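By convention here, the first residue in the shown sequence is residue 1. Keep in mind it's a predicted model, so treat the numbers as computed, not measured.
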Amino acid sequence: MAARQPFTDLDTADEAVRSTCDDATTCKRYATSKGYWTDPYVQYFVRSVGERKAPEINRGYYARVQGMNHLLDAFLRKTKCDCQIVNLGAGLDTTFWRLKDENLMPRKYFEVDFPMIAARKIHNIKTKPPLSKPLIETHSTDSLLLDGHSLDSDRYCIIGADLRDIPGLDDKLKKFHLNPELPTLFLSECVLVYMTPDQSSKLVNWASVTFHTAMFINYEQVNMLDRFGQVMIENLQRRQCNLAGVEVCQSLESQKERFLKTGWENADALDMMTVYSVIPQDDVARIERLEFLDEKELLQQLLQHYSICWATKDKLKLGTYGLDYCHKVYF
């Protein structure tokens with residue numbers, strides 16, 4: 001029998017990153033239980049609501065979900081769903097099921113994450129009919145593939161892969177019929193920040209080189225040079241969670257530069273305080289009535305240290321440059 005390889009610092013760091021998947025899902029489960037938004041599927045990935053989360057955390061996740069969904073849905077409508085989505089570091093995200101319920105399904109929805117997380121998600125889908133039934137309903141051929149680290153159906157695919165291994169990622173996505181000729185939307189939420197700047201640049205460059213009409217939406221930290229940002233970094237370090245890419249999170253400009261230097265034609269970015277201010281204000285008023293928030297300054301600081309950056313390439317001239325949060329288009 002071969003000797004077991006000793007754990008390395010990279011193994012420890014990767015395990016800490018994988019644990020953030022559970023953190024995000026638990027926070028979303030709690031926020032939905034309080035009525036911030038509706039997600040009937042997250043309960044199948046987290047058994048219980050868990051301990052109370054602070055109101056500013058719930059509002060932060062609300063802004064994150066609303067902000068990401070706005071751009072995602074706008075891309076789907078702009079392409080009339082004749083597109084594909086690649087969710088990088090998807091974790092236990094439930095977007096596939098939401099899109100099916102809302103009749104906004106792309107041609108195919110891909111998810112990529114560490115093999116261990118992919119295996120967990122596949123197990124949940126296999127053992128929970130409310131998750132597997134929608135998948136089966138969108139599958140019409142006999143070619144459903146289901147193994148330990150991969151799931152491939154007509155409209156939904158889960159792949160276990162390391163995003164730092166671009167050749168391996170590219171091979172796996174091609175194997176499961178990712179089409180470079182289709183308009184393609186990439187999603188990442190607090191993923192690139194755990195990669196070195198060189199690694200994340202290679203990933204977004206691969207996306208820009210491989211797809212001629214594409215959009216990349218990235219949610220992660222920003223303004224990390226000030227004291228509040230340093231405290232965030234220290235808190236994560238105590239959990240052995242190293243923000244290897246925090247250098248790119250200095251400002252909205254540095255977020256945009258990552259894309260503009262790697263072949264993307266256009267890039268824009270907003271901090272989450274700004275996004276929160278342009279979310280339909282009747283819904284903001286509704287969620288602000290759910291819980292009393294004592295320290296509004298803390299919420300403001302939190303939202304000012306996260307951002308959404310989106311970049312586009314538009315060879316097919318679909319008008320994706322115009323997708324943003326401005327004007328009445330949001331409403």
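Closest approach of Pro129 to Thr127, counting heavy atoms only: CD-O, 3.6 Å. Nearest heavy atom pair, residue His149 against residue Ala118, reads O-CB, 4.0 Å.
Leu72 and Leu182 fall into different hydrophobic clusters, defined by Ile, Leu, Val, Met, Phe, Trp and Tyr side-chain heavy atoms under 4.5 Å apart, directly or through other members. Leu243 and Leu225 fall into different hydrophobic clusters, where Ile, Leu, Val, Met, Phe, Trp and Tyr residues are linked whenever their side-chain heavy atoms come under 4.5 Å apart, directly or through other members. Hydrophobic clustering, with ILVMFWY side chains joined whenever heavy atoms are under 4.5 angstrom apart, keeps Val222 apart from Ile233. Hydrophobic clustering of Ile, Leu, Val, Met, Phe, Trp and Tyr side chains at less than 4.5 Å, counting indirect connections, keeps Met116 apart from Leu92.
The residue from Lys28, Lys34, Glu291 that alone fulfils the side-chain hydrogen bond (donor to acceptor under 3.5 Å, both in side chains) condition with Asn58 is Glu291. Here the options are Gln255, Glu257, Arg258, Glu220, the test is side chain to side chain contact (heavy atoms under 4.5 Å, CB included), and the partner is Cys309; only Gln255 passes.
Side-chain contact of Asp39 with Thr32: a donor-acceptor pair under 3.5 Å is absent, judged by distance alone. Side-chain N/O atoms of Tyr276 and Gln66 include no donor and acceptor closer than 3.5 Å. Using modelled atom types and a 3.5 Å distance limit, the side chains of Asp154 and His139 yield a donor-acceptor pair. In the model, His212 has no side-chain atom that pairs as donor or acceptor with a side-chain atom of Asp314 under 3.5 Å. Inspection of the Ser201 and Asp198 side chains reveals no N or O donor paired with an N or O acceptor under 3.5 Å. Checking Trp206 against Asp170 by side-chain atom types alone, a donor-acceptor pair falls below 3.5 Å. Donor-acceptor pairing under 3.5 Å is lacking for the side chains of Tyr194 and Asn242.
With respect to the salt-bridge test (charged N to carboxylate O, under 4.0 angstrom), the residues Asp152 and Lys108 qualify.
Atom CD of Glu137 is surrounded by more than 12 heavy atoms from other residues, nucleotides or ligands within 6.0 Å. At most 12 heavy atoms of other shown residues, nucleotides or ligands fall within 6.0 angstrom of atom CD in Glu297. For CG of Asn235, the number of neighbouring non-hydrogen atoms (other residues, nucleotides, ligands) closer than 6.0 Å is greater than 12.
Residues passing the side-chain contact (heavy atoms from CB on, under 4.5 Å) test with Asp171: none are found, sequence neighbours excluded. Tyr36 is linked by a ring-ring contact (aromatic ring centres under 6.0 Å, His included) to nothing, counting only residues two or more places apart in sequence or in another chain.
Between Arg239 and Asp23, some side-chain heavy-atom pair lies under the 4.5 Å cut-off. Taking the side chain as every heavy atom from C-beta outward, Thr138 and Lys100 approach each other to under 4.5 Å.
Ring centers of Tyr306 and Tyr219: under 6.0 Å apart, within the cut-off. Aromatic rings of Tyr44 and Trp97 (six-membered ring for Trp) have centroids beyond the 6.0 Å cut-off, not under it.
Cluster note: Tyr30 groups with Val49 through ILVMFWY side-chain heavy atoms spaced under 4.5 Å, whether in direct contact or through intervening members.
Side chain of Ser153 to backbone of Tyr156: a donor-acceptor contact under 3.5 angstrom is found.
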